[in-house]
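Bear in mind the structure is a predicted one, so any value in this text is a computation, not a measurement. Residue numbers begin at 1 in each chain, while the letters A, B, ... track the order of the sequences.
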Number of protein chains: 2
Amino acid sequence: MAKRENISMSVIRRLPRYYRFLRQLRETGVTRISSTELSVKLGLTASQIRQDLNCFGGFGQQGYGYIVDQLCLEIGNILGLKGGYKAILVGAGNLGQAIASHMNFTEDGFELAGIFDSSPFKIGNRIGNLEVSDTSELEAFCAEQKPTMAALCVPREAVEKLSDQLYQLGIRSFWNFSHYDISVKYPDVIVENVHLNDSLMTLCYRIHNAKES
Amino acid sequence: MAKRENISMSVIRRLPRYYRFLRQLRETGVTRISSTELSVKLGLTASQIRQDLNCFGGFGQQGYGYIVDQLCLEIGNILGLKGGYKAILVGAGNLGQAIASHMNFTEDGFELAGIFDSSPFKIGNRIGNLEVSDTSELEAFCAEQKPTMAALCVPREAVEKLSDQLYQLGIRSFWNFSHYDISVKYPDVIVENVHLNDSLMTLCYRIHNAKES
DNA sequence: TAGATTGTTAATCGATTAACAATC
DNA sequence: TAGATTGTTAATCGATTAACAATC
C-alpha cells in the first residue's frame, strides 16, 4: 500500500540484514514469523521492522505475521539481487585478491566481469575464473562490456586519476575500498565506501573510551 | 569546555574521516584551517564539524580557525590511536590474510600479536612477521598475552562457537567480518561489524532503484 | 578597533518508538 | 467470534542545521 519514494539510508542498510536472517530461517524450515519474533532475534523493535517493510509494501498478514519464503523473495527483489550488474575490480593486491575470490558477487546482485592491475607482477595472475588484465585495457573493455560498477582496491594515490578515467568510461557506481572520497568530486555517482582503517579506528575509540567509565 | 558524556556513533564515525583529512592537510604543509574550508572539502556543514569537535573540547581559536597540527593530534588522542591494544586475528583464509597484511594495525591503535586458523594448510604460513598458529593454542596464548580485541575472518558456521570461546578467554571487543551478529548474544561486548556482503547489497539496491527514477 | 570565526544555544528536520484501529 | 498481529498514524527522541553572542 505504502510504496514511499525517498527511502532513507538507515532503512536501506537494514534490508540486507533482514534478508540474511530470513534466508537462515528458511533454511531451518521456519515458514512463518511475526515482527515481534524477528525483533527479538535481530535486537531491533518490532515497530521499526514493520515500518521498514511498509516502505515497500504490505507483505504481512494481519493476525498471522509474515510468510518467511515470500518475504525473503520480496526483499531480494527490492534489493535487486537478480540484477546481475556487470562489475570490474581494479587493484589486485592483497585486498583486491581477497575481495575477488572471497566474495560471491553473483549472490549480491553483480557479475564480476574483469580484474585489472597496473603491476606486471599481478597481470596474468588467475583469480577464481578470471585473469588479471593490464589497466591499459580498461578503455577497450569498458567500451565493449559496459560495466556498471567498479570495485576499487588501489592505493589512495591512484584513486583520483583512476576514478576520473572510470567516470569518463561511463562507470557511475563504485564500491570503494580506497581512502579517497570520490563523491566530493562526482556528486552524481553512487559510492559505497568500505573504509577499513576508519572502521578499525572507531573500534579503537570505543575500547579506549570504555575503559574510563 | 564541553566534554560531553554520551558521544553518538554518528559523531564517532566521522572522527576517523576528520583525522585522515587533517593528516593529508598537514602533509601538504597547511597549518591553519577554518570549519568552513573543512566543510567544503569534506562535503559536510561547518556547523556539524564545529558541533562534532566541541563534543570533546574547544580546539579552535575564535576569529582564526583551527591549527591543523594541533587538531590532528587532539583527534588522534581522542581516538586513542596510541593505545597499542593487543589484537589477534582468527581465520587466515583469503580475507584474513589480506586484512593481516594489508592493514596497518599500528597506525589504527592496535598491535597485531597473533594469527590463528584451524586448517593444517594454513597453520605455519607466514603473514607479515607473524606465523599462523593452530586455534588449539588460543587458550594458552590469551592467558599469556591477554589480547583485548579479536578480528574474526572465519566462516559463519564457525563464529558462534569461536566467539563463545574468545569471550571465555576474556576478549571483549571484536572486529567482525563474519555474517553473524555477536552482540545479540553478548550485549556487553564492543563489536565493529564489517559485513561486506551487506555493503555490496546496498550498492546493488541503489543502482537498481536509481534506474527507475 | 574591525573582521573573522569559533563555541554554544535554539530551531528544524528526520528517524525511531508507541499506540491503536483495521483485519486476517 | 475471539485472538493475534499487521499497517499506519501520532508522539517522542535524537541528530543536524541555523543563528548569534563571545572573543581572538
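Considering only residues two or more places apart in sequence or on other chains, B/Tyr180 meets the ring-ring contact (aromatic ring centres under 6.0 Å, His included) condition with none of them. Residues forming a salt bridge (charged side-chain N to carboxylate O under 4.0 Å, His left out) with A/Asp108 (at least two apart in sequence, or on another chain): none. The side-chain hydrogen bond (donor to acceptor under 3.5 Å, both in side chains) check on B/Glu192 picks up A/Ser199, A/Thr202, A/Arg206, B/Arg13, with sequence neighbours excluded. Applying the salt bridge (charged side-chain N to carboxylate O under 4.0 Å, His left out) test to A/Arg156 and every residue at least two apart in sequence or in another chain returns nothing. For the ring-ring contact (aromatic ring centres under 6.0 Å, His included) test, residues two or more places apart in sequence or in another chain that qualify with A/Tyr167 are A/Tyr186. A/Glu37 meets the salt bridge (charged side-chain N to carboxylate O under 4.0 Å, His left out) test with A/Arg32; sequence neighbours excluded. When the salt bridge (charged side-chain N to carboxylate O under 4.0 Å, His left out) test is applied to B/Lys185, the partners found at least two apart in sequence or on another chain are B/Glu160, B/Asp164. Partners of B/Phe116 under the ring-ring contact (aromatic ring centres under 6.0 Å, His included) rule, at least two apart in sequence or in another chain, are B/Phe141.
In this structure, A/Ser35 reaches the sugar-phosphate backbone alone: every heavy-atom distance under 4.0 Å involves primed, P, OP1 or OP2 atoms, never a base.
If you take CG of B/Leu53 and C1' of C/dG7, they are 11 Å apart, rounded to a whole angstrom. Distance, B/Ile33 CD1 to C/dT5 P: 11 Å, rounded to whole Å. Counting to the nearest Å, the C1' atom of D/dA4 and the CD atom of A/Glu37 are 12 Å from each other. When rounded to the nearest whole Å, the span between CD of A/Gln61 and C1' of C/dC24 equals 7 Å.
Within the structure, side-chain hydrogen bond (donor to acceptor under 3.5 Å, both in side chains) contacts touching residues 90-102 of chain B (residues at least two apart or in different chains) are A/Asn94-B/Ser101, A/Ser101-B/Asn94.
For the atom pair CD1 of A/Ile190 and CZ of A/Arg172, the computed distance is 10.5 Å after rounding to the nearest 0.5 Å.
Stems are defined here as 3 or more consecutive Watson-Crick or G-U wobble pairs with pairing distances under 3.5 Å; those involving DNA chain D are C:3-24 with D:3-24.
Across residues 62-77 of chain A, A/Gln62, A/Gly63, A/Tyr64, A/Gly65, A/Tyr66 each have a non-hydrogen atom less than 4.0 Å from an atom of DNA chain D (numbered order).
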*Nucleotide by nucleotide, 5' to 3', does protein get under 4.0 Å of the base (B), only the sugar-phosphate (S), or neither (-) in nucleotides 11-19 of chain D, counting heavy atoms?*
----SSBBB

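For B/Glu139, the CD atom counts as loosely surrounded, since its 6.0 Å shell holds 12 or fewer non-hydrogen atoms of other residues, nucleotides or ligands.
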